[in-house]
Amino acid sequence: MPELPEVEVIARGLHAVLVGRVIAAVEPVDPTRLSEDGAALAAKVVGAGVVRVSRRAKVLLIGLGNGATLAFHLKMTGRVVHGPMRPVERHDRTRFILDDGSLLCFADMRRFGYVRAFAPGGLETWDFLCRVGPEPLDTPPAALAGRVLSRSGRIKALLLDQAVVAGVGNIYADESLHRAGIHPQTRGNRLGRAGAERLFAHLQDVLRQAIAENGSSIRDYVNASGDAGAFQNSFAVYGRKGSPCAVCGAILFAVKVAGRTSTFCPRCQPEP
DNA sequence: CCGCACCCCTGTGCGC
DNA sequence: TGCGCACAGGGGTGCG
């Protein structure tokens, strides 16, 4: 579910309430997707205080005072919610009990997501993050454009490739391509510099707008307090195949690119 | 490097 | 009502 804006909203919400809290205990409710056993995970984090909560690509990071880091990848249906202690629910996977008695719960219906604990210095050696490209909101559109202009792959696939640019998923790829008037099957080396820079400027706009609106909630996404986002009400193309384009009125089409449904307007985004 | 198939899981919505 | 299929915010692998 969560792409960059959703993880960013969760990180900001958690930062506001978790800094200074100490992890008192870990409950590995469903250890099937843990990369280590619950005792090993607990040994790295129990007794440590939260220093900061941040995000890199689509990964949520909780930095601890002992130098360790908790990393959550939410994949399609993961949630990280903080609130009062409550009984275990159906999709709870790993629960953290804090020193004030509150609960930080990682839940994930489909169990694609995971949580990992890194010892001090370990995060920097995590190959997943080492391969991730630049943050789109911290990088000038011209620099981002340079990463796709020499590529022969389809621009939609390039946007989804975390090594090209970090944090973009199916929603924001489709929305930014529509805003830029670019067909998802256009090859990177056919965009032209102006087109590529326009695309990444629109990507920045749509990501910022989605963060401001608390993210997009399709089915599962909720922020750190358990609240839904609102940006799904602003979708121009995502999930709207067969509906009229809000800009020109043409009926929206969908094609598969990189194995993902890509919805586009045949008039605003003409065939390359 | 590119594109595709398939896998990891569970749930929902739709056509028959 | 029930069944079977397609599809879902992600990412990894393996093959041609």
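What you are looking at is a predicted structure, and each value in this text was computed from that prediction instead of being measured. Residue numbering restarts at 1 for every chain, and letters A, B, ... go by the order of the sequence lines.
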Tell me what [X] touches on the nucleic acid: a base, only sugar-phosphate, or nothing, going by heavy atoms under 4.0 Å.
{"X": "A/R93", "answer": "nothing"}
{"X": "A/Y172", "answer": "nothing"}
{"X": "A/R219", "answer": "base"}

Shorter than 3.5 Å, N or O on both sides, protein versus nucleotides 6-9 of chain B: list them out with atom names.
residue, atom, partner, partner atom, Å
B/dC9, O3', A/R111, NH2, 3.2
B/dC9, O2, A/R110, NE, 2.8
B/dC9, N3, A/R110, NH2, 3.2

If I take atom [atom1] from residue [X] and atom [atom2] from residue [Y], how far apart are they, to the nearest 0.5 angstrom?
{"X": "A/L4", "Y": "A/K58", "atom1": "CG", "atom2": "NZ", "result": "9.0 Å"}
{"X": "A/L144", "Y": "A/Q204", "atom1": "CG", "atom2": "CD", "result": "6.5 Å"}
{"X": "A/C268", "Y": "A/R179", "atom1": "SG", "atom2": "CZ", "result": "12.5 Å"}
{"X": "A/S225", "Y": "A/I10", "atom1": "OG", "atom2": "CD1", "result": "10.5 Å"}
{"X": "A/L14", "Y": "A/S54", "atom1": "CG", "atom2": "OG", "result": "11.0 Å"}

Quantified in whole Å, what is the [atom1] atom distance between nucleotide [N] and nucleotide [M]?
{"N": "B/dG13", "M": "C/dG9", "atom1": "P", "result": "15 Å"}
{"N": "B/dC7", "M": "C/dC5", "atom1": "P", "result": "15 Å"}
{"N": "B/dC4", "M": "C/dC7", "atom1": "P", "result": "15 Å"}
{"N": "B/dA5", "M": "C/dA6", "atom1": "P", "result": "14 Å"}

Subject >> Side-chain heavy-atom pair A/D108, A/L74 within 4.5 angstrom cut-off >> reply: no
Original post:
Is any side-chain heavy atom of A/I211 closer than 4.5 Å to a side-chain heavy atom of A/L137?
Top reply: yes
**OP:** Please figure out whether A/F128 or A/K256 has its closest DNA chain C nucleotide nearer the 5' end.
**Re:** A/K256
**OP:** Taking syn as within 90° of 0 and anti otherwise, name the glycosidic form of B/dG11.
**Re:** anti
Check whether any side-chain nitrogen or oxygen of [X] sits under 4.0 Å from OP1 or OP2 of [N], and answer yes or no.
{"X": "A/T261", "N": "C/dA8", "result": "yes"}
{"X": "A/S152", "N": "B/dC1", "result": "no"}
{"X": "A/R154", "N": "B/dG3", "result": "yes"}
{"X": "A/H73", "N": "C/dG11", "result": "yes"}

Original post:
Considering only side-chain heavy atoms of A/I218, which listed nucleotide, B/dT10, C/dG9, C/dG11, is closest?
Top reply: C/dG9
Subject >> Nearest-nucleotide pick for A/R151, side chain only, options being B/dT10, C/dG9, B/dC2 >> reply: B/dC2
Send over the distance from [X] [atom1] to [N] [atom2], rounded to a whole Å.
{"X": "A/D220", "N": "B/dT10", "atom1": "CG", "atom2": "P", "result": "14 Å"}
{"X": "A/L158", "N": "B/dG3", "atom1": "CG", "atom2": "C1'", "result": "12 Å"}
{"X": "A/E6", "N": "C/dA8", "atom1": "CD", "atom2": "P", "result": "17 Å"}
{"X": "A/R187", "N": "B/dC1", "atom1": "CZ", "atom2": "C1'", "result": "12 Å"}
{"X": "A/K156", "N": "B/dC4", "atom1": "NZ", "atom2": "P", "result": "13 Å"}
{"X": "A/L4", "N": "C/dG11", "atom1": "CG", "atom2": "P", "result": "11 Å"}
{"X": "A/D127", "N": "C/dG11", "atom1": "CG", "atom2": "P", "result": "14 Å"}
{"X": "A/Q162", "N": "C/dG12", "atom1": "CD", "atom2": "P", "result": "9 Å"}

Original post:
Is the A/Y114 ring parallel, tilted or perpendicular to the A/H73 ring (thresholds 30°, 60°)?
Top reply: tilted
Original post:
Parallel under 30°, tilted from 30 to 60°, perpendicular over 60°: which one fits the rings of A/W126 and A/F118?
Top reply: tilted
Original post:
For the side-chain contact (heavy atoms from CB on, under 4.5 Å) test, which of A/L103, A/L18, A/V50, A/V22 pairs with A/L98?
Top reply: A/L18
Original post:
Quick one: salt bridge (charged side-chain N to carboxylate O under 4.0 Å, His left out) partners of A/E197, sequence neighbours excluded?
Top reply: A/R193
Subject >> Consecutive-pair stems (3 or more, Watson-Crick or G-U, under 3.5 Å) for DNA chain C >> reply: B:2-8 with C:10-16, B:10-16 with C:2-8
